[in-house]
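As structure tokens, the structure follows; a few thoughts come after it.
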Amino acid sequence: MTYHPKSDFMRVMIERGFLADCTDYQALDDALIAGVVPAYIGFDATAKSLHVGSLIQIMMLRWLQKTGHQPITLMGGGTTKVGDPSFRADERPLLTPDAIDANIAGIKQVFAKYLDYDTDAPNRALMLNNAEWLDELNYLDFLRDIGRHFSVNRMLSFESVKSRLDREQSLSFLEFNYMILQAYDFLELNRRYGCLLQMGGSDQWGNIVNGIDLTRRVLDHEIFGLTSPLLTTSDGKKMGKSQDGAVWLNAEMRSTYEFWQFWRNTTDADVGRFLKLYTELPVDECNRLGALEGSEINAAKVILANEITTLCHGAEAAAAAEATARAVFEKGGVGDDLPTLDLSAADLGDGISIVQLIVRSGLTKSGKEAKRLIAENGARLNDAPLTEAGLIIDAAALAEPIKLSAGKKRHALVRLAD
RNA sequence: GGGGAGUUGGCAGAGCGGUCAAAUGCGGCGGACUGUAAAUCCGUUGGGGCAACCCACCUAGGUUCGAAUCCUAGACUCCCCA
């Protein structure tokens, strides 16, 4: 990457590692210098919250706004009804419109923390939903106006669907239309809002390029695409998964403490890279912290966790998570911020088995797993090894909150609610 | 419309009448080592139940002393021909 950008936005993207590819560096850079550039990223509503894997996208929009341009967050209210087949081995289950709407409501929450939708400035962030224009499309009109610009020959050649075809796995016509709809989104956003740029993960390259081509053909407008690298951790795992599944950005789906812990446990080799991508610390500082060696880099991981948690959940949540982590790991104690299971007297009844408590507190997914944990001496009750699988916890035992632990790192509190 | 192949644990993939809760790999979990890291090594790994015990190899029946394995019907997936 020898290109030296003139615009702040491009400079940030390049030096912080956001950039995988761009359709035209020079022309986009010029446009960014010339004025406020509206740019969008689409988010499909496949779950009630986005997870850490989307954070890079969100950070790109945040930098965009910080450097004076206009971010557009596009909810895929329409496209989610179809399902993006890109690089997927099988078809996604179809979501009902109600589920999609509920998901969108959940996803929207997180954006307000990263982007400013309320300012009077010309670069006010926009929240849109492509259902607005996709829902009312007329099939025949759409085919005639838009469909005629697409070559099936070309669509079949895209890498994103090739693997599916090569493996002779069926690609339904419904899914096949996804890329056309996404291309149409870009066209509509350009028409309605003057949107000049679509960003996304590198798996979206084909879809983005289609939108650019379509817009050129229909409106004769020159617009751009920019992709971010597909992130994996240094040890080759997909970004955003932890032991029990996705690391969600919404606090009600993943506690802020667990969110903090996820970043605190970053692999050494990823610290510098993640600081640049997910925090706003100066690049030099990121590089310095990422270069620390041995146990010193642990301090950098705390900074990483604090910075990211502050952005996503606020400074208080970050401080509380850090305090709890210190109490738990450095003093072997308890912290208020540990995941907590509140039991009512009714829940408790005459007593509840310890196995049930471990499951309900979220430490294991099944009772068998909990029993295995106990059998392997991995379970602890108030830091004492738990050996008796048949233990029943009653109200007396819960006079004080108890701490359950699975292994050395995962803890939960159980207390009796009034 | 006709013919064929298949459906096994989170995934991939063996098993083809008893010794099968089911090989192996991945993933997960626990432990050791460390720095709440990585790599490595060791152990473990279907579900429900405090327990006895129960449910489990697409579904529903059937044959057998006995079925993931055989038969019948159904659902779904894939392939080939038209």
Side-chain angles (χ1 to χ4, degrees), chain A residues 88-91 93-94 164-172 232-238 240-247 257-275 289-306 309 321-335 337-338 348-381 383 385-394 397 404-412:
Chain A
R88 288 186 63 91
D90 45 21
E91 190 166 349
L94 287 177
R164 184 85 159 261
L165 298 171
D166 288 348
R167 293 169 64 184
E168 298 187 328
Q169 276 160 332
S170 126
L171 175 72
S172 72
T232 51
T233 57
S234 305
D235 41 318
K237 290 177 186 134
K238 260 194 206 135
K241 301 285 182 191
S242 80
Q243 65 276 61
D244 6 75
V247 181
Y257 169 76
E258 291 172 288
F259 183 82
W260 192 93
Q261 277 294 314
F262 172 77
W263 296 106
R264 169 63 185 81
N265 283 307
T266 296
T267 304
D268 288 9
D270 290 329
V271 172
R273 193 160 58 109
F274 285 2
L275 282 166
L289 289 168
L292 293 175
E293 295 199 358
S295 57
E296 276 187 21
I297 202 164
N298 274 331
K301 293 181 187 179
V302 171
I303 294 172
L304 179 73
N306 279 337
T309 307
E322 184 185 357
T324 290
R326 287 201 191 285
V328 171
F329 287 97
E330 290 170 24
K331 305 191 183 81
V334 194
D337 221 21
L338 287 177
L348 189 60
D350 294 334
I352 186 168
S353 72
I354 193 69
V355 169
Q356 278 302 305
L357 277 187
I358 291 172
V359 174
R360 292 185 56 183
S361 65
L363 291 174
T364 65
K365 280 181 279 213
S366 72
K368 286 285 185 213
E369 229 175 90
K371 276 173 233 165
R372 193 182 310 141
L373 190 70
I374 293 168
E376 288 173 331
N377 292 317
R380 273 165 299 133
L381 169 60
D383 295 312
L386 192 58
T387 49
E388 193 189 335
L391 187 65
I392 302 286
I393 300 294
D394 56 19
L404 294 175
S405 309
K408 290 180 176 156
K409 288 166 71 164
R410 297 156 53 228
H411 311 275

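First the proteins, then the strands, lettered A, B, ... as listed; each starts at 1.
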With sequence neighbours left out, what residues match [X] under side-chain hydrogen bond (donor to acceptor under 3.5 Å, both in side chains)?
X        : answer
A:Lys368 : none
A:Glu322 : A:Asn306, A:Arg326
A:Arg380 : none

Whole-Å [atom1] distance, [N] and [M]:
N     : M     : atom1 : result
B:C29 : B:U19 : C1'   : 29 Å
B:C70 : B:A14 : P     : 16 Å
B:G18 : B:A22 : C1'   : 14 Å
B:C57 : B:G6  : C1'   : 14 Å
B:U34 : B:C26 : C1'   : 26 Å
B:A12 : B:G4  : P     : 27 Å
B:C71 : B:A23 : C1'   : 28 Å
B:C58 : B:C50 : C1'   : 34 Å

Using whole Å, what does the distance between atom [atom2] of nucleotide [N] and atom [atom1] of [X] come to?
X        : N     : atom1 : atom2 : answer
A:Lys409 : B:G35 : NZ    : C1'   : 10 Å
A:Ile374 : B:C29 : CD1   : C1'   : 14 Å
A:Phe329 : B:U34 : CZ    : P     : 18 Å
A:Ile354 : B:A51 : CD1   : C1'   : 16 Å
A:Glu296 : B:U34 : CD    : P     : 19 Å
A:Leu304 : B:U36 : CG    : P     : 17 Å
A:Asn377 : B:G31 : CG    : C1'   : 9 Å
A:Glu293 : B:A39 : CD    : C1'   : 16 Å

Pair assignment for [N], Watson-Crick or G-U wobble, requiring both distances under 3.5 Å:
N     : answer
B:U44 : B:G28
B:A82 : none
B:U34 : none
B:C70 : B:G62
B:A22 : none
B:U7  : B:A75

- Message: From the set B:A38, B:G35, B:G30, return the single nucleotide nearest to any side-chain atom of A:Glu376.
- Response: B:G30
- Query: Which nucleotide in the list B:A32, B:C50, B:G30 gets nearest to the side chain of A:Lys408?
  - Reply: B:A32
- Out of A:Leu275, A:Leu304, A:Ile297, which one pairs with A:Thr266 under the side chain to side chain contact (heavy atoms under 4.5 Å, CB included) rule? A:Leu304
- Pairs touching residues 289-304 of chain A that satisfy side-chain hydrogen bond (donor to acceptor under 3.5 Å, both in side chains), sequence neighbours left out: A:Arg264-A:Asn298, A:Asp268-A:Lys301
Does [X] reach the side chain of [Y], with side-chain heavy atoms less than 4.5 Å apart?
X        : Y        : answer
A:Phe329 : A:Lys408 : no
A:Leu381 : A:Leu404 : yes
A:Ile374 : A:Thr387 : no

- Under 4.0 Å between a side-chain N/O of A:Ser295 and OP1 or OP2 of B:G35, yes or no? no
- Item | Earlier contact from the 5' end, RNA chain B, for A:Leu391 and A:Asn298 | A:Asn298
- Message: Assuming nearest nucleotide by heavy-atom distance, tell me which of A:Glu330 and A:Ile352 is located more 5' along RNA chain B.
- Response: A:Glu330
- Message: Within the 4.0 Å heavy-atom criterion, would you say A:Ala406 contacts the bases, only the backbone, or no part of the nucleic acid?
- Response: sugar-phosphate
- Base, sugar-phosphate, or nothing for A:Thr266, non-hydrogen atoms under 4.0 angstrom? sugar-phosphate
Please list each protein N or O that sits under 3.5 Å from an N or O in nucleotides 46-48 of chain B, with the distance.
from	atom 1	to	atom 2	distance (Å)
B:G47	OP1	A:Ser366	OG	3.0
B:G48	OP1	A:Gly367	N	3.4
B:G48	OP2	A:Gly367	N	3.1
B:G48	OP2	A:Lys368	N	3.2
B:G48	O6	A:Lys368	NZ	3.2

- side chain to side chain contact (heavy atoms under 4.5 Å, CB included) against A:Ala370, all qualifying residues, sequence neighbours excluded: A:Val355, A:Ile358, A:Val359, A:Thr364
